[in-house]
Amino acid sequence: MEHRTGIGYDLHRLTSGRKLFLGWVEIPYIHGLLGHSDADVLLHAICDALLGAIGQGDIGELFPDTDPRYDGISSRELLKIVYELVAKKNFSIVNVDTVVVAEEPKLFPFKKQMRQAIAGILNIKEDSVNIKAKTNEGIGEVGDKLAIAAYAIVTVVSGEDK
Ligand code: MG
């Protein structure tokens, strides 16, 4: 049995005229995240953490934004593909811990829904997914509400036993 960890980070700019998706939950806000697909910064960070744990590079390598197949694809589908890659490599996900850094909106009311959504995609228990919501204390691009960032760390284990 081999335990491995992976880390992921992502940041997307906030812009008007887009919906805000975090952890596959649509969150009411005046702005949304700019980017390829739905720009779900939290799911992207989790994808990268999982790819790191299994030694498979990063989300940009797996889903190049020049590839029309991924144009406008939901980040849920991207995470599902990464999850299948983890399973194919014979690893199970033990837990996912995350930090979302957003000055606005307040994410506390949506954390449970986000955990449930992520746990559902990854086929793990809700308490194996954790979300910490932070602000950037008004400093920098995130503090100025120009962007939202997310960090994720995962542990996986080889074989059937967790
Ligand atoms: Mg991204």
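Read the numbers this way: they start at 1 and go in the same order the structure lists the ligands and their atoms.
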Flag, side chain of Arg18 to backbone of Leu33, donor-acceptor distance under 3.5 Å: yes
Could you check Arg13 against Glu141 for side-chain contact (heavy atoms from CB on, under 4.5 Å), going step by step and ending with a plain yes or no? CA-CA 9 Å; Arg13 286 171 186 270; Glu141 291 81 2; over 6 Å; no
Determine, step by step, whether Ile46 and Leu79 satisfy the side-chain contact (heavy atoms from CB on, under 4.5 Å) criterion, reporting the C-alpha distance in whole Å, the side-chain angles of both residues, the deciding distance to 0.1 Å, and the verdict. CA-CA 8 Å; Ile46 295 170; Leu79 185 56; 3.9 Å; yes
Got a sec, which pairs hit salt bridge (Lys or Arg N to Asp or Glu O under 4.0 Å) with one end in residues 93-111, sequence neighbours left out? Asp97-Lys132, Glu104-Lys145
Could you list the donor-acceptor pairs under 3.5 angstrom formed by side chains in residues 5-12, with sequence neighbours left out?
{"residue": "Asp10", "atom": "OD2", "partner": "His12", "partner atom": "NE2", "Å": "3.0"}
{"residue": "Asp10", "atom": "OD2", "partner": "His44", "partner atom": "ND1", "Å": "3.2"}
{"residue": "His12", "atom": "ND1", "partner": "Leu34", "partner atom": "O", "Å": "2.7"}
{"residue": "His12", "atom": "NE2", "partner": "His44", "partner atom": "ND1", "Å": "3.4"}

If a pair satisfies salt bridge (Lys or Arg N to Asp or Glu O under 4.0 Å) and one of its residues is in residues 35-59, list it, with sequence neighbours excluded. none
Polar protein atoms (N, O or S) that approach the Mg ion (ligand 1) to under 2.8 Å: Asp10 OD2, His12 NE2, His44 ND1
